[in-house]
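Reminder, nothing fancy here: chain letters follow the sequence lines and each chain counts from 1.
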Amino acid sequence: MSDISPQVAPARVRTRFAPSPTGQLHIGGARTALFNFLYSRHTGGDFLLRVEDTDRERSTDAFTQGILDSLAWLGLTPDEPPVFQSTRAARHAEVAHEMLAAGKAYYCYCTPEELRQMREQAVAEGRSPRYDGRWRDRDPAEAPAGVKPSIRLKAPRDGETVVDDLVQGPVRVANAELDDMIILRGDGTPTYLHAVVVDDHDMAITHVIRGDDHLTNTFRQVQVFQAMGWPLPRFAHIPLIHGADGSKLSKRHGAVSVMEFDAQGYLPEAVCNYLMRLGWSHGDLEVVDRDEAIRLFDIVDVNRGASRMDYAKLTNLNGVYIRKADDDRLTKDVLRRLIHQHDLSVGSIAADRIRTLMPHLKERAKSMLELAQAAAFLARVVPLPMEPKAAAILTPEARLLLRDVAADLAATDFTVPALDAALRAFAERTGRKLGQVAQPLRAALTGSTVSPGIDATLAALGKDEALARIADASR
RNA sequence: GUCCCGUUCGUCUAGUGGCCUAGGACACCAGCCUUUCACGUUGGUAACACGGGUUCGAACCCCGUACGGGACGCCA
């Protein structure tokens, strides 16, 4: 490993996203991953993934897979195979013992029960619940029998520890506020704060970008880096995302896990764009695609204040991205949703109709759920299910009108311009406004009162199907 | 309780001492467009948390207060 510190000769930027697989990847974690990804790409560096699965009680393989899937969905695939923290326990212990040998750490023979009492007493006396350092300078010869000691960092007691954070600026705390944290448990396993430092060092991470709930823990991590004489990475603590009411984001605020956003019909690029704009901006830019994001994103431009999740704005952006999306891709997604969520069997004829009408369908959808809903009529067969509003349109007079217009349509080429011309001619000949002709047709053709332009809808259905539906509705 | 961080329209934000009568976006309201619904378009309502300084001048700098968030585990 190079002994040139990054400050002297900037190393290639390496960032990492380090989730623990104790739940699905949620939207806050997704943004953290995004910022890590964007920063690494912006600087031409690497984006890595480390799975912090050392909490064997709560970590599961299913969650690990879920996180991997979610990242893939978002397009945030790491550049190297993921590192699993649980596989590195021996290395964490090794470093702890190195610190012990160097006099930077010491054995502590306190029992968990003893520590609990220490904390309770401190709180009762109005002091901070900190370890009092009782084994810091005590002779291990006095160790009680039968207690497996933990290893604690021998943290500096005077002066202050400073984190020069790329987002928060310089943040300092008096060392007297920090206690000697445990780096290796009595059973020989590492604690989180220690493992993170060892892994970040060994993975040559240059920039630690994470949620600001880790900010105050960073002081202790810095002390471990310093004890080992390792160069410090740069830190960037980004603010958390809150729910609409300002409290911690949770289930009751709506979708929180990335996979739920997929299920609710959000496009990954819309989610990424929305997430990026939460806490980051570039002038008045709102719609920023991946390439432009990489070009413009810099971690120092991230704001310090927490922001709230606004589903309305996400939905609006989703509409923007749906309109921009490729028609084949949208069709594929809609077909999938029709089969799985609407329980429709979609044959190739229906698929072709959906694909044909997609340029018009996507103009009026804000989510893939809406898009699938709006396309469903193309996959149905007569008799169509009628929405109440559509049924109300099909009055006896409307049915007569349908029979008349059907005759015209039967003699028309089913192309959009020809259909448009035929309908206009029919309306004029019968002294009606176009809308008076279009709405009954729409009801007959779609079973609803909302659809793309009636000419395009007719064309997508094709002459035989369109006439069959009109005939059925005008009976 | 102690320590750390934050605070511009309802929300996301622009703003780095004069360009601010505070700009944009979403949402909301009204109009236009129109073959329904969307899209688009025109206009409107709406914010510098509060109090002190510093300065010729403060949304911007400093200090307090209030409110919000986070951290204080042999969890991650």
Side-chain angles (χ1 to χ4, degrees), chain A residues 18-22 52-55 57-59 85 108 110-112 115-116 119 122-130 148 150-152 163 165 167-169 171-174 177-179 181-187 189-193 195-196 211-219 237 239-240 242 244 246-248 274 277-287 303-317 319 323 360-366 370 374 389 393 420 423-424 427 433-439 441-443 446 448-455 457:
Chain A
S20 64
T22 53
E52 310 218 316
D53 56 348
T54 50
D55 185 341
E57 302 277 296
R58 298 188 298 145
S59 299
Q85 192 160 60
C108 170
C110 289
T111 60
L115 293 171
R116 193 183 58 77
R119 275 194 296 273
V123 170
E125 292 172 12
R127 291 179 291 115
S128 263
R130 287 194 290 263
K148 287 205 163 191
S150 56
I151 297 179
R152 284 185 184 269
V163 175
D165 197 273
V167 171
Q168 307 291 338
V171 182
R172 53 192 71 229
V173 71
E177 297 290 334
L178 272 18
D179 61 4
M181 68 157 177
I182 291 175
I183 55 178
L184 206 68
R185 300 185 185 105
D187 66 1
T189 60
T191 56
Y192 165 73
L193 256 18
V196 165
D212 72 6
D213 49 336
H214 290 280
L215 183 58
T216 52
N217 281 153
T218 306
F219 299 118
H237 288 93
L240 268 19
H242 292 153
S247 69
K248 198 168 177 178
Y274 175 74
R277 281 284 290 99
L278 234 42
W280 177 92
S281 62
H282 186 84
D284 288 340
L285 267 187
E286 295 288 348
V287 180
N303 288 157
R304 286 170 292 276
S307 43
R308 301 180 183 204
M309 189 69 201
D310 180 1
Y311 293 92
K313 188 154 184 172
L314 203 212
T315 299
N316 173 271
L317 252 187
R323 275 173 252 139
H360 303 279
L361 288 168
K362 72 179 182 182
E363 287 293 323
R364 30 188 57 83
K366 285 195 166 68
E370 281 180 23
K389 276 188 187 171
I393 287 175
D420 179 64
L423 291 173
R424 284 180 193 282
K433 293 183 126 177
L434 206 43
Q436 294 174 293
V437 179
Q439 270 319 73
L441 271 174
R442 185 157 1 245
T446 71
S448 116
T449 55
V450 175
S451 84
I454 205 68
D455 46 6
T457 302

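Between B/U11 and B/C28, the two P atoms lie 16 Å apart (nearest whole Å). Between the P atoms of B/C29 and B/A71, the separation comes to 39 Å (whole Å). Here the separation of B/U55 from B/G18, taken at their C1' atoms, is 12 Å to the nearest Å. Using P as the reference atom, B/U13 and B/C72 are 26 Å apart when rounded to the nearest Å. A gap of 25 Å separates the P atoms of B/C20 and B/C12, to the nearest Å. Comparing B/A27 with B/A38, their P atoms sit 12 Å apart, to the nearest whole Å. Rounded to whole Å, the P atom of B/U2 lies 42 Å from the corresponding atom of B/G23. Separating the P atom of B/C26 from that of B/C62 is a span of 34 Å, rounded to the nearest Å.
Partners of A/P19 under the side chain to side chain contact (heavy atoms under 4.5 Å, CB included) rule, at least two apart in sequence or in another chain, are A/F17, A/L49, A/I67. In this structure, A/N303 has no side chain to side chain contact (heavy atoms under 4.5 Å, CB included) partners at least two apart in sequence or on a different chain.
Base pairing of B/C72: its partner is B/G1, meeting the Watson-Crick or G-U wobble criterion (both donor-acceptor distances under 3.5 Å). Pairing of B/A14, defined by two Watson-Crick or G-U wobble distances under 3.5 Å, is not identified with any nucleotide. When both distances must be under 3.5 Å, the Watson-Crick or G-U wobble mate of B/C9 does not exist. Across all strands shown, nothing is found opposite B/A46 as a Watson-Crick or G-U wobble partner with both distances under 3.5 Å.
Within the 3.5 Å criterion, the main-chain N or O of A/T54 finds no donor-acceptor partner in the side chain of A/Y192. Proximity of a side-chain donor or acceptor of A/S281 to a complementary backbone N or O of A/R277 within less than 3.5 Å is not detected. Although no hydrogens or angles enter the test, the distance criterion places a donor-acceptor pair under 3.5 Å between the side chain of A/R442 and the main chain of A/P452. A donor-acceptor pair is defined here as one N or O able to donate and one able to accept, closer than 3.5 Å; no such pair exists between the side chain of A/S307 and the backbone of A/L278.
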- Could you write nucleotides 69-76 of chain B as a row of B, S and -, 5' to 3', where a protein heavy atom under 4.0 Å of any base atom gives B, of only sugar-phosphate atoms gives S, and otherwise -? SBSSSBBB
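For A/S281 and A/E286, each mapped to the nucleotide of RNA chain B holding its nearest heavy atom, the one lying further toward the 5' end belongs to A/S281. Between A/Q168 and A/R277, the one whose closest nucleotide on RNA chain B sits nearer the 5' end is A/Q168.
Atom-to-atom, CH2 of A/W280 to C1' of B/A25 comes out at 14 Å; the value is rounded to the nearest Å. As rounded to whole Å, 15 Å separates atom P of B/G1 from atom CD of A/E177.
Between A/D212 and A/P239, the shortest heavy-atom contact is OD2-CA, 3.4 Å. When all heavy atoms of A/T189 and A/D187 are compared, the pair lying nearest together is OG1-OD1, 2.6 Å.
Across all strands, A/G279 comes closer than 4.0 Å only to sugar-phosphate atoms, never to a base (heavy-atom distances). Among the heavy atoms of the strands lying under 4.0 Å from A/R442 is at least one base atom, whether or not backbone atoms are also near. Note on A/T449: a base of the nucleic acid sits closer than 4.0 angstrom, heavy atoms only.
Salt bridge annotation for A/E177-A/R130: present, with a cationic side-chain nitrogen under 4.0 angstrom from a carboxylate oxygen.
Put simply, A/N316 has a side-chain N or O that comes within less than 4.0 Å of OP1 or OP2 on B/A27. Residue A/N303 places at least one side-chain N or O closer than 4.0 Å to OP1 or OP2 of B/A14. Remark: A/K362 is not in phosphate contact with B/C39, judged by side-chain N or O atoms under 4.0 Å from OP1 or OP2.
Between the side chain of A/K313 and the base of B/A27 there is no donor-acceptor pair of N/O atoms closer than 3.5 Å. Under 3.5 Å, the side chain of A/R304 and the base of B/C5 form no donor-acceptor pair of N or O atoms.
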